[in-house]
Amino acid sequence: MDDDWKRLRVSGLCKQFARGSVILSNIDLTVDRGAFMCILGPSGSGKSTLVDLIAGFEQPTGGTIAFDDSPVRGPGPDRVVIFQDIGNALFPWLTVQENAEFGLRNFVRNRRERRTRALEALELVGLDKDTHKFPSELSGGMKQRVQIARGLVMDPHVLIMDEPFAALDAITRRRMQYELKDLWQRTHKTVIFVTHDISEALILATDVTVLSSGPGARILDTFRPGLPDERDPADPAFIAAYRRVEALIGHVQDAGDAGRGEAR
Amino acid sequence: MPGHGIRRTAVVATLSILTGLAVWAVASGTLVSEVQLPHPHAVWQEAVAKAESGLLWESIRISLWRVGWGWAIGVVAGIATGLLLGELRGVDAVVGPIFEFLKGVAPISLVPIMILWFGIGELPKLLIIAYITWVVVTVSTMTGVREVPKVRLRAARCLGLSQLQVFYRIILPSTASYVLLGMRNGIGFAYIALVSAEFIAVDKGIGFLIMDSRLNLQTPLMVVGIISLGLLGSGSQLLYDAITLQTPWLSRFRRQ
């Protein structure tokens, strides 16, 4: 893997399914190395399809995805996905430690090194005391932490997070957002974070991309919120940014839908 | 308090068995003639006599041998078939209904054709038992493969696993609980098949004992055979549960 990459570039990306429905049309997106890119869009805007394409689970109908000039093909450990589906994303027959180590088996020969690296990642997400538990013994928030650790361990170019907190209760969700923010500030891992929750995007992002509602979703705007490192939803600048996104989405959508992006 | 619950279950179970015995003891000789339904005491004496003569143990031995081997062969074949069919996407739509149909074919209806094909030795008996176990385990395994969550497969793919690695590091462990359940259900089916096979054209085994005692009007022996079968069948399942639940590396596959 080329470690000297500077940006992930998505250009002219289109996705059309066999029966003719266009999901995404002409998506251009640049994610700089070290950025925290939030892709924000209403339900049905093709966010998940975009994730599937970048992750390599689906092939685009047109356009390219490339780290600098080397295009990506198929799924791989340079683009690890953190899934929303809390119940199914972990391997239930493996302990927390074994889950975190899972991907290293192909890349790290030394067993002790695998252990150490997994433990480091688990420490980062605050689970180093729960290494021998099984996923069934963990809360939703803890399961998502294991997923994040399992991804971090691979040292991917990009961590793709597909609405990872949407299924959590509101309090846990907010806590996870701040923990992730903290984690990102310590690791400066490049993150593509997909959400329909405007305040979540504004708490986390260095860059925000707003998708229109589908079908045939396109990019409405890409901007840097320009907020201070410590984000405060009560801060006037935060509220101004919130309004701006709301207005943008409200443009193409019924006002009722465009309200606060509460999780289902 | 789990200990409490177990003790209560044991008490209820004992009471229910004792009640059954009591009803049986009262009914025999009053509601039904003793020829049709012998008294529990007569049955017990018959069991002791046949145990001492060795006939009972010999019958149990041969029946267990048949059911054990037939089941084991069926399990191995069923796991292999189920994995194969589950992996071949699209095939299960065609093959699934066939197996559901085969599951409904009573083993006893296969006995004549097995005799026609394989004669009256041990082979057709083993095959009938193996066959029905194979069907049950295949369906269960195939379902297991089909039910592996897509997200789990995708997670493995982005952690760098090849298709082959996904098969043995994700699909096999994900399917294990379904296989274990299929094997357990297979035990019950194997016993049904055993009796079907032994009712016809044999000279040994519990099934033979039951049929033969009817011809000789030895009802107590017949009841001994029936009870032996019940004990063997439920005993086998209990043993299976004990083994699979107590084996740590197996029990982790039951976690969801």
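Here is how names work: the chains are called A, B, and so on, in the same order as the sequence lines, proteins then strands, and each is numbered from 1. Computed from heavy atoms alone, side chains included, the values below leave out hydrogens, waters and symmetry copies.
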Minimum heavy-atom separation for [X] and [Y], please, with both atom names.
X: B:Arg154; Y: A:Asp52; value: NH1-OD1, 3.1 Å
X: A:Arg150; Y: B:Ala155; value: NH2-CB, 3.4 Å
X: A:Asn88; Y: B:Pro149; value: OD1-CG, 3.4 Å

Taking atom [atom1] of [X] as the centre, does the number of heavy atoms from other residues, nucleotides or ligands within less than 6.0 Å exceed 12?
X: A:Arg105; atom1: CZ; result: no
X: A:Asn110; atom1: CG; result: yes
X: B:Lys204; atom1: NZ; result: no
X: A:Arg186; atom1: CZ; result: yes

- Query: Do B:Arg255 side-chain atoms and A:Pro92 backbone N/O form a donor-acceptor pair below 3.5 Å?
  - Reply: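 Pair absent, no side-chain N/O of B:Arg255 close to backbone of A:Pro92.
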With a 4.5 angstrom heavy-atom cut-off, which part of [X] approaches chain B: side chain, backbone, both or neither?
X: A:Phe102; answer: both
X: A:Ile82; answer: neither
X: A:Gln147; answer: neither
X: A:Ala89; answer: both

- If contact means a heavy atom pair closer than 4.5 Å, which residues of residues 166-193 of chain B contact chain A?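 Listed by number: B:Arg169, B:Ile170, B:Pro173, B:Ser174.
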- Task: Would you check if B:Leu159 and A:Phe91 make a side-chain contact, meaning some heavy-atom pair closer than 4.5 Å?
- Result: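 In short, these two side chains touch, coming nearer than 4.5 Å.
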- Would you mind telling me which of A:Gly103, A:Gly56, A:Pro75 has the largest number of heavy-atom pairs within less than 4.5 Å of chain B?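 The answer is A:Pro75.
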